[in-house]
Amino acid sequence: MKILLMGPPGAGKGSQSEKLVKDYELTNISTGEMFREAYRNNSPLGIEAMRYINKGELVSDEITNEIVRKRLLRSDAERCFLLDGYPRTVAQAEALDKMLEKMQSKLNAVINIVVDKQAILERMVGRRVCKSCGSTYHLSFKPPRVDGVCDSCGGELYQREDDQLDSVKNRLEIYETKTKPIIDYYSKRGILRNVDGMQSFDAVYKDIKQALGEVI
Ligand code: ADP
Ligand code: AMP
């Protein structure tokens with residue numbers, strides 16, 4: 001099963017993928033998380049990427065396609081994976097098609113989480129992320145049991161720099177101009193399903209499972 005989870009920043013892709021990868025035994029491939037991990041490890045790629053990320057801009061297609069290409073070649077991505085946050089431009093979608101074609105593979109389903117702009121802003125500004133394991137919380141909608149501490153690993157929670165209002169606005173604009181056109185790209189293939197993301201975590205998850213059942 002090869003799935004792509006789409007939606008604007010803050011739609012709930014990361015939150016839903018945490019459950020999906022466990023239930024369906026998928027390899028989670030989140031380009032945002034890969035860049036953040038590279039930065040945590042002080043790698044030149046991570047440091048270069050973070051210059052764009054913190055401003056709310058996209059990392060170049062070249063760099064991003066290359067890290068995905070390498071990631072897809074690893075054995076744990078051979079059969080089942082879930083892509084979150086990639087592709088984000090039509091050029092990336094085309095590059096992904098070529099990579100998968102070379103592997104004699106293809107995407108089985110694209111799930112697009114639909115959320116309105118006000119909710120996106122609330123979700124991003126209140127988001128807190130674990131420094132150690134990357135788990136996601138929200139100050140109001142999914143608070144940790146102990147303030148500032150990750151429920152899963154005890155790590156410290158922080159606010160991503162790109163979740164500050166200025167970056168958020170930039171990211172939403174980029175989503176509209178660069179990422180949204182991909183919806184059309186996949187819907188023409190008949191593998192795209194829209195899911196209402198303005199519901200509780202559990203209700204969104206239930207709808208995603210139902211949509212996957214329809215396409216796969
Ligand atoms: P994305 O990966 O799409 O950027 P996240 O999964 O990180 O989005 O979610 C963004 C923020 O919104 C997080 O703080 C998360 O806890 C919260 N959130 C996600 N889904 C919901 C939901 N259905 N209801 C309320 N808050 C949500
Ligand atoms: P995310 O964790 O998906 O919210 O991504 C955080 C940031 O990483 C984005 O705002 C971009 O700056 C960068 N990023 C993640 N995925 C991509 C991608 N596919 N193409 C370009 N930049 C990306």
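The first residue of the sequence shown is numbered 1, and numbering continues consecutively from there. Counting starts at 1 for both ligands and their atoms, in listed order. Bear in mind the structure is a predicted one, so any value in this text is a computation, not a measurement.
- In this structure, of M124, R88, E57, the residue bringing a heavy atom nearest to atom 1 (P) of ligand 2 is R88.
- What you find for G190 and V215 is that their closest heavy atoms are O-CG1, 4.4 Å.
- In summary, the atoms of ligand 2 found under 4.0 Å from a heavy atom of T64, numbered by their order in the structure, are 18 (C), 19 (N), 20 (N), 21 (C).
- Ranking protein heavy atoms by distance to atom 8 (O) of ligand 1, first place goes to G12 N, 3.1 Å.
- Nearest protein heavy-atom neighbour of atom 13 (C) of ligand 1: T136 CG2, 3.6 Å.
- At a heavy-atom cutoff of 4.0 Å, ligand 1 is contacted by the backbone of Q199 but not by its side chain.
- Among the atoms of G10, some N or O lies under 3.5 angstrom from an N or O of ligand 1.
- Checked against a 3.5 angstrom limit, the closest N/O atoms of L58 and ligand 2 fall outside it.
- One N or O on the side chain of Q159 and one on the backbone of V125 form a donor-acceptor pair closer than 3.5 Å.
- Considering backbone and side-chain N/O atoms, Y137 comes within less than 3.5 Å of an N/O atom of ligand 1.
- Side-chain contact, Y205 with D23: a donor N or O sits under 3.5 Å from an acceptor N or O.
- Using a cut-off of 4.0 Å between Lys/Arg side-chain N and Asp/Glu carboxylate O, E66 and R69 are scored as salt-bridged.
- Contacts of F141 with ligand 1, taken as heavy-atom pairs under 4.0 Å, involve the side chain alone.
- In terms of modelled atom types and a separation under 3.5 Å, the side chain of D162 and the main chain of S167 share no donor-acceptor contact.
- When only non-hydrogen protein atoms are considered, atom 16 (O) of ligand 1 lies nearest to H138 CB, 3.5 Å.
- Nearest non-hydrogen protein atom to atom 16 (N) of ligand 2 is T31 OG1, 2.7 Å.
- Judged purely by atom type and a 3.5 angstrom limit, R123 uses its side chain to pair as donor or acceptor with the backbone of A11.
- For atom 24 (N) of ligand 1, the nearest protein heavy atom (residue, atom name, distance) is R123 NH2, 3.5 Å.
- Between K206 and D202 there is no salt bridge, since none of the side-chain N atoms of the basic residue sits less than 4.0 Å from a carboxylate O of the acidic one.
- Within ligand 2, the atoms closer than 4.0 Å to a non-hydrogen atom of Y86 are 19 (N), numbered from 1 in the order shown.
- Ligand 1 has no atom lying under 4.0 Å from any heavy atom of G7.
- On a distance-only criterion, R127 and ligand 1 share at least one N/O pair closer than 3.5 Å.
- Judged purely by distance below 3.5 Å, without hydrogens or angles, the side chains of Y39 and N54 never pair a donor atom with an acceptor atom.
- Of the possible polar contacts, one joining the T179 side chain to the R88 backbone as a donor-acceptor pair under 3.5 Å is found.
- Under the 4.0 Å criterion applied to side-chain N and carboxylate O atoms, E101 and K98 are not assigned as salt-bridge partners.
- For atom 13 (C) of ligand 2, the nearest non-hydrogen atom of the protein is I53 CG1, 3.7 Å.
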Next on the checklist: For R36 and E33: C-alpha separation, side-chain torsions, deciding distance, then whether salt bridge (Lys or Arg N to Asp or Glu O under 4.0 Å) applies.
Outcome noted: CA-CA 5 Å; R36 283 187 291 276; E33 192 45 42; 3.4 Å; yes

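- With hydrogens and angles disregarded, no donor-acceptor distance shorter than 3.5 Å links the side chain of Y86 to the backbone of I29.
- Of the protein's non-hydrogen atoms, the one nearest atom 27 (C) of ligand 1 is F201 CZ, 3.2 Å.
- Looking at ligand 2, you'll find an N or O of Q92 within less than 3.5 Å of one of its N or O atoms.
- Between the side chain of K13 and the main chain of G7, a donor-acceptor pair closer than 3.5 Å is present.
- Under a 4.0 Å heavy-atom criterion, R160 is in contact with ligand 2.
- Of the candidates N54, V59, I67, V59 brings a heavy atom nearest to atom 21 (C) of ligand 2.
- Among protein heavy atoms, the minimum distance from atom 10 (O) of ligand 2 is reached at R171 NE, 3.6 Å.
- The pair R171-D163 meets the salt-bridge criterion, since a charged nitrogen lies less than 4.0 angstrom from a carboxylate oxygen.
- The shortest contact between atom 15 (C) of ligand 1 and any protein heavy atom is with S15 OG, 3.7 Å.
- Checked against a 3.5 angstrom limit, the closest N/O atoms of G14 and ligand 1 fall inside it.
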